[in-house]
Amino acid sequence: MGFFVGGPMTVTVRTRFAPSPTGFLHIGGARTALFSWAYARRHGGQFILRIEDTDVARSTPEAVQAIVDGMQWLGLAHDEGPFYQMQRMDRYREVIQQMLAAGTAYHCYTSKEELDALRAEQEAAKEKPRYDGRWRPAPGKTLPVVPEGVAPVVRFRNPTDGVVAWDDQVKGRIEIANAELDDFIIARADGTPTYNFCVVVDDRDMGITHVIRGDDHVNNTPRQINLLEALGAPVPVYGHLSMILGDDGQKLSKRHGAVSVMQYDDEGYLPEAVLNYLGRLGWSHGDEEVFSMAQFVEWFDLDHITSSAAQFNTEKLNWLNAHYIKLADDARLGNAIVERLARGGVTATASPDPAAIAALYKDRVQNLNELADCAHAFYVAPQASAEMLAQHLTEPAKAALADLSRRLASADFLPEVLAKTLKESLAATGLKMPQVAIPLRVVLLGQPQSPAIDRVLAVLGRDEVLRRLERMLA
RNA sequence: GUCCCUAUCGUCUAGAGGCCUAGGACAAUACCCUUUCACGGUAUGAACCGGGGUUCGAAUCCCCGUGGGGACGCCA
């Protein structure tokens, strides 16, 4: 193939993300989707979304929606799909019939009880449990008598000799002896196809060229390759991503730490921060830490993916989030303030301007919720604690604020003018800046720290500033 | 038990035999900036799992341990 690079033999890259809809899109799934998406984008190919919903008992439409929502929030758009495996049953049955006819699959009447007994026996003998091939046809072999009234399963006739090998794009070459594999079931007694079979038929039919997935599928790969070969289908390139561990180094699971990507939205993370973080978790481009998706797509490759598990680090995500908030447009952040304040039942009015508040706080917060918390005091006059008032609102401070209040009544509410007014008041009262600025913060915002006080005054506006001063000084 | 994967600072990672007295980032610590708190800036500490090989030379290659993870379903 190398001789035809760029020529007519070049095959379009087609990747897929194939979640089973049994829950939300979690961080590991999101990264798998991101890498598959990026690989397709990088090579001008297609990214396909496939819903593996053959586990009827656990799959739900809500989960499908949650996954689609999560991908949409991240901006990982698919080019084809979503395809649903449950809608492809006829196709699977057709292929099973073909395999039965070709002799690459066969009926097996072994009952579950017999299988359990077999497994128990093998485990007792310290052997790897596997089907013993009792119903596998062979020249000169007499098969057991077909039992009455038993619906058979269909098993794949797996090769018995040799090894299955592939050059995993992230793990390197992996070889597994066929002797380790058994004749696994491809169709249940009720006729429904099983996972490994559906995946293979789908990957073939959908023309998938690169399978990028979690490394929990490494063990499925040799079976799938054998199946693909039995079907005479091309074998895609595989790349198995190692898992993401929780912040505590523990494996993520539904009952431990696994959260929906949408929870990051709730917690005030920007999608670009999550994307950047995920892109850098288990993949690197030299020392690059901060990059846009456009840049990521340009750089992304399978050669620089880490093959060992990575621990999720919220602090680094926080740092990236703070970075992207600094970069974000004020109007966008203003909207986030309005929306998040509304969740707490607070209506942010046009004045003070939410975007102006965002500009004031964007380089001091780590997430959108903190930003909204900062904005809160601009819309709802805060109640400083008695202790805080006692500490900061001393008699000299009150006198200074009274003087300042008089001057502000006639000042233009522009930062430069306010800074000047503040200085004039300081000169008149003989106090230092902190001696006035801190009590002023307490009165205005209910806390002794804030951005530059002149800017706070300008954003809060004259009416509100004077109202709050009056109320406190009364 | 069998098979498979994996192992560099606390964390994410750079590193494809000499460029490594192991680099970057987050976090930590200190200092600077500052009207407060942040932001920002500067600096410091911090790692090649262990043991054997191969080689003039190994974080890099091989083997054996050990730790971690996964698989062994009529789940996906």
Side-chain angles (χ1 to χ4, degrees), chain A residues 18-22 52-55 57-59 85 108 110-112 115-116 119 122-131 151-155 168 170-172 174-177 179-182 184-196 198-199 214-223 240 242-245 247 249 251 277 280-290 303-304 306-320 322 326 361-366 374 419 422-423 426 432-438 440-442 447-454:
Chain A
S20 55
T22 56
E52 308 210 324
D53 55 354
T54 55
D55 185 347
R58 295 197 302 148
S59 299
Q85 290 187 322
C108 167
T110 313
S111 68
K112 288 181 187 178
L115 251 19
D116 288 344
R119 185 172 305 122
Q122 291 166 327
E123 277 171 9
K126 306 265 189 216
E127 285 168 13
K128 184 171 184 168
R130 78 249 278 179
Y131 175 65
V153 298
V154 178
R155 287 187 182 270
D168 196 278
V170 350
K171 308 259 186 205
I174 299 178
E175 286 188 358
I176 295 185
E180 290 295 328
L181 273 22
D182 65 359
F184 59 96
I185 293 170
I186 59 175
R188 302 179 182 93
D190 66 3
T192 56
T194 58
Y195 171 76
N196 280 121
C198 296
V199 167
D215 71 358
D216 45 332
H217 289 291
V218 166
N219 292 279
N220 289 323
T221 306
R223 300 174 204 286
H240 288 95
S242 54
M243 68 192 308
I244 297 176
L245 305 174
D247 236 334
K251 187 189 159 192
Y277 179 73
R280 188 66 180 71
L281 190 61
W283 173 86
S284 61
H285 184 76
D287 290 336
E288 301 293 344
E289 296 287 349
V290 179
D303 301 335
H304 294 84
T306 313
S307 49
S308 55
Q311 189 170 319
F312 193 87
N313 185 223
T314 304
E315 287 179 329
K316 189 161 181 181
L317 205 214
N318 287 343
W319 170 73
L320 276 169
K326 289 185 187 79
Y361 285 93
K362 68 195 284 188
D363 60 0
R364 33 203 313 132
V365 298
Q366 285 198 318
C374 290
L422 221 36
K423 281 187 185 122
L426 287 178
K432 297 285 184 210
M433 181 64 95
Q435 295 173 293
V436 176
I438 292 183
L440 184 54
R441 289 186 171 98
V442 169
Q447 53 177 29
Q449 303 90 30
S450 83
I453 194 64
D454 46 348

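From a predicted model like this one, the values you see are computed outputs, not experimental measurements. Letters go in sequence order (proteins before strands), and every chain restarts at 1. These numbers come from the heavy atoms of this one structure, side chains and all, not from hydrogens, waters or symmetry mates.
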Atom [atom1] of [X] and atom [atom2] of [N]: how far apart are they, to the nearest Å?
| X | N | atom1 | atom2 | answer |
| --- | --- | --- | --- | --- |
| A:Gln366 | B:C39 | CD | P | 8 Å |
| A:Leu440 | B:U36 | CG | P | 15 Å |
| A:Asn196 | B:A71 | CG | P | 13 Å |

Heavy-atom neighbours of A:Lys423 NZ exceed 12 at 6.0 Å: no

Residue matched to [N] through Watson-Crick or wobble contacts both under 3.5 angstrom:
| N | value |
| --- | --- |
| B:A71 | B:U2 |
| B:A25 | B:U11 |
| B:C56 | B:G18 |
| B:G40 | B:C32 |
| B:A47 | none |

Base, sugar-phosphate alone, or nothing: which one does [X] contact when heavy atoms must sit under 4.0 Å apart?
| X | result |
| --- | --- |
| A:Ala452 | base |
| A:Thr306 | sugar-phosphate |
| A:Arg130 | nothing |
| A:Thr110 | base |
| A:Gly249 | nothing |
| A:Arg119 | sugar-phosphate |
| A:Ala189 | base |
| A:Val153 | base |
| A:Lys126 | sugar-phosphate |
| A:Leu281 | sugar-phosphate |
| A:Lys326 | sugar-phosphate |
| A:Lys171 | sugar-phosphate |

As a test of reading the structure: which of [options] is closest to the side chain of [X], going by heavy atoms?
| X | options | answer |
| --- | --- | --- |
| A:Gln311 | B:C12, B:A76, B:G1 | B:C12 |
| A:Arg58 | B:C72, B:A76, B:A25 | B:A76 |
| A:Asp454 | B:U35, B:G70, B:G23 | B:U35 |
| A:Trp319 | B:G24, B:G69, B:C26 | B:C26 |
| A:Pro129 | B:A7, B:G24, B:G1 | B:G1 |
| A:Ser20 | B:A76, B:A27, B:C3 | B:A76 |
| A:His217 | B:A76, B:U36, B:C3 | B:A76 |
| A:Ile176 | B:C4, B:A76, B:C74 | B:C4 |
| A:Asp55 | B:C75, B:G70, B:C74 | B:C75 |

Please tell me if the side chains of [X] and [Y] come closer than 4.5 Å, counting only heavy atoms from C-beta onward.
| X | Y | value |
| --- | --- | --- |
| A:His217 | A:His240 | yes |
| A:Tyr131 | A:Cys108 | yes |
| A:Ile185 | A:Val154 | no |
| A:Ile174 | A:Thr221 | no |
| A:Ser242 | A:Lys171 | yes |
| A:Asp55 | A:Tyr195 | no |

Which residue lies more 5' along RNA chain B, comparing A:Glu175 with A:Val365 via nearest heavy atoms: A:Glu175

Most 5' of A:Ile174 and A:Pro451 on RNA chain B, judged by nearest nucleotide: A:Ile174

I'd like the [atom1] distance from [M] over to [N], given in whole Å.
| N | M | atom1 | answer |
| --- | --- | --- | --- |
| B:A38 | B:C33 | C1' | 12 Å |
| B:A16 | B:A59 | C1' | 11 Å |
| B:C62 | B:C5 | P | 12 Å |
| B:A25 | B:A46 | C1' | 14 Å |
| B:C3 | B:C64 | P | 12 Å |
| B:A7 | B:C48 | C1' | 10 Å |
| B:G23 | B:A47 | P | 11 Å |
| B:U11 | B:A28 | P | 16 Å |

Donor-acceptor pair under 3.5 Å, [X] side chain vs [N] base:
| X | N | value |
| --- | --- | --- |
| A:Asp216 | B:G70 | no |
| A:Asp215 | B:G70 | no |
| A:Glu289 | B:G24 | yes |
| A:Asn220 | B:A76 | yes |

Closest non-hydrogen atom pair between A:Ser307 and A:Val170, with its separation: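 The pair with the smallest heavy-atom distance is CB-O, 3.8 Å.
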
Which atom of A:Cys198 lies closest to which atom of A:Thr54, heavy atoms considered: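 Distance-wise, the nearest heavy atoms are SG-CG2, 4.1 Å.
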
Can you check whether [X] has a side-chain N or O nearer than 4.0 Å to OP1 or OP2 of [N]?
| X | N | result |
| --- | --- | --- |
| A:Arg188 | B:A76 | yes |
| A:Thr194 | B:C74 | no |
| A:Lys251 | B:G68 | no |
| A:Thr54 | B:A76 | yes |

